[in-house]
J.: 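Below is the structure I would like to discuss, written out as structure tokens.
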Amino acid sequence: MIDFKNFQRPQRYIGNEWNVVKKSHSGRVSFCFCYPDLYEIGMSNLGTHIVYGLLNRNPDFVCERSFMPAEDLANYLKTSKIPLFSLETKTALHDFEVLGFHLGCELNFTNVLHMLALGGVEIFSAERKDLIVLGGGIVNPEPLAEFIDVFYLGEFEEVADRFIEIFHKYKDKSARLKALAETEGFYVPAFYQASRQADQYVFEQRYSYARLPQKRVAVKDLNRSFVPEAWLTAHTEIIHDRIPIEIARGCPNACSFCQARAVYTPYRQRQTATVINILQRLYQGSGSENFSFLALSASDHSEIEELIDAGLDYCRKRRIGLSLPSLRASDIVGRLYKKLSSFRKASLTVAIEAARQPLREALNKKIDLGVVFEAAKILQSLGLRQIKIYFMYGFPQETDEDLLAIGEFLDDLYRRSRLKLRVSLNVFIPKPFSLWQAKSILPEDILRRRQDLILRNLPRQRGVSVSFSSIERSLFEALVSRAGREFGKVLYLAYSRGVCFDGSRENFSFGIWKELMEEAGFDYRRCLEEQTANFPWSFIE
Amino acid sequence: MQTIKFPIAVILHKHGEMVYFSQLDLIHILERALRRSDLPLYFTQGFNPHVKISFKNGLKLGQEGFIEVIFYFTENIVFCRLKEILQPQLPEGLEIIDKEVSG
């Protein structure tokens, strides 16, 4: 037994949350949900709660959790030869029948390999005997194709029952993988041959039962879909200490750069009555003092006003905090501002993306800056102190004028509103399935020049704080999200050299990755710049 | 609206897995447990109201022991009713063991 007192934040490893499920493994299929990042991040992810609830609701299935341990515990496990374990019953990962990894963030891929190794599980899919490693929440699965036995592409609510049924019906690995492969949304990479020929990614079935093309699976009716009512409530602070309630999934807009819209399609709404019913049940089950309404674009919800009224009404009576996702500036001006004053922490986030209209039009981003000024004025009159503003740069067609206009806009907004401005400037990364997936991320030197240009023209007021996303990390993210199977050897090399937690700024070093890629014979410039219409993810519709 | 508050002091035994949770964690654990119960909660006043709880002492992370906690309600709640309603809402390792005897 490990004495957790000797480690930082021992609360991460206890597994006694409110509504935690502990079942005996005997006679049940044992599944461990693995999140390749720290507890406080993984527990803030809605997907963690949905998968946990869906699987545990079946009496013959047991789902436990494991998170990437922090460095201190990881080192201790390695030196003491203790395998990484699940939180609920402290069972070693290698003793589970299925490990289900959440693969939503490319920068955590090395952590996936570390978790397998720490858990005493063979890293390569081909080396594993009985245990099945499943991966979900991923857009382009190819870089992990050698390590993951089966990917699930889509929203798990829709197939959970079929998934459970397969594991009860078939007991050996090959029969299970075959049955999964025949089910829509499941992708077994070993059943396909993938190779590069010139600039083409050639993808072929090896067996007739392997589905091609693959389809992403979406929940049909969000009003009837599963909600984890017995919310697993952490006893310690996590990154987002509030329970998210989806009011919609997907987005009816079509911004050219947006991946989320393309992946969570079609746009689906939850009715006000459903949302309030969920809120009520989640509150009774958790006692949580904070909730948030979640949507990619809340303003587009056809019942947004009723929703806010009903949500606030429920929360106000019980002194529950409710926060809203980003609203369109025009809605604040037009119809919602009176309601906003009731929010405890009213804040405004505006994703402007580009400072000049022609570029915004090219991005398909419908936003009128005049309205932003008006919205800022309204928010100021409501006692709000700051707004968050998002910009993107590094678009192929942007001009110096576009970049300089960012500073001018911020200066103007600050002078007129006197609100504190918190500005994020992110590099445009062409993501798979977005409308601009075929574009290339700009080369490092050009991105640096553009960043300098924006920086030069930014207002120097104290009320304006600006953060730039790291150019190197953006390049790396672009790379991993575009790469094919051949990137697996780079990931393995990185893992074997101890590279991990690339998601954190302090840990990430593009210099090390460049060396590793060279050593593995992987041409990263080619991967970033190649012009092709046939991507590693083109087998998915 | 809620001008009168009825304090009730109890002693909590913190042991087992709960020793890994800090005093700050404990505030959240108790607040959520109270919110799950249907007791008449007293909230702090102000812009950001929360369930009022006070502690007479604290325990270091990792330490087993007893904590004196004061809960506040908008009506008088007797100890056995509080214990009956609140105890099932507490995680293992937190036991309401006694009514604090003042003096």
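Fair warning: this is a prediction, and the values are worked out from it, not measured in the lab. Below, chain A is the first sequence line, B the second, and so on; all start at residue 1.
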J.: Please check if atom CD in B:Q63 has more than 12 non-hydrogen atoms from other residues, nucleotides or ligands closer than 6.0 Å.
T.: yes

J.: Sort B:L34 into side chain, backbone, both or neither according to what part of it lies under 4.5 angstrom from a heavy atom of chain A.
T.: neither

J.: Should we say atom CD of A:Q8 is surrounded by more than 12 heavy atoms from elsewhere, each under 6.0 Å from it?
T.: no

J.: Flag yes if more than 12 heavy atoms outside A:R422 fall under 6.0 Å of its CZ atom; otherwise flag no.
T.: no

J.: Should A:V20 and B:P91 count as side-chain neighbours, where that means a heavy-atom distance under 4.5 Å?
T.: no

J.: Which value, rounded to the nearest 0.5 Å, describes the distance between B:L61 atom CG and A:F4 atom CZ?
T.: 13.0 Å

J.: Is there side-chain contact between A:N16 and B:E92, with at least one heavy-atom pair below 4.5 Å?
T.: no

J.: Between A:K5 and B:Y20, is a side-chain contact (heavy atoms from CB on, under 4.5 Å) present by the stated rule, with each step listed?
T.: CA-CA 7 Å; A:K5 279 200 285 287; B:Y20 298 109; 3.6 Å; yes

J.: From B:F43 CZ over to A:E289 CD, what is the distance, rounded to the nearest 0.5 angstrom?
T.: 10.0 Å

J.: Is A:R12 salt-bridged to B:D25, cutoff N-O under 4.0 Å?
T.: no

J.: Starting at OG of B:S22, measure out to CZ of A:R9 and round the result to the nearest 0.5 Å.
T.: 8.5 Å

J.: With rounding to the nearest 0.5 angstrom, report the CD to CE distance, A:Q11 to B:M18.
T.: 9.0 Å

J.: Counting neighbours of NZ on A:K377 that are heavy atoms of other residues, nucleotides or ligands and sit closer than 6.0 Å, is the number greater than 12?
T.: no

J.: Nearest heavy-atom pair of A:G285 and B:R36: which atoms, and what distance?
T.: O-CD, 3.6 Å

J.: What is the distance from atom CD of A:Q284 to atom OG of B:S37, rounded to the nearest 0.5 Å?
T.: 12.0 Å

J.: Could you state the interatomic distance from CZ (B:R35) to CD1 (A:I320), rounded to the nearest 0.5 Å?
T.: 6.0 Å

J.: Which bit of A:S286 is near chain B, if near means a heavy-atom gap under 4.5 Å: side chain, backbone, both or neither?
T.: backbone

J.: Evaluate whether atom NZ of A:K420 has more than 12 neighbouring non-hydrogen atoms of other residues, nucleotides or ligands under 6.0 angstrom away.
T.: no

J.: Would you say A:R319's side chain and B:P49's backbone share a donor-acceptor pair under 3.5 angstrom?
T.: no

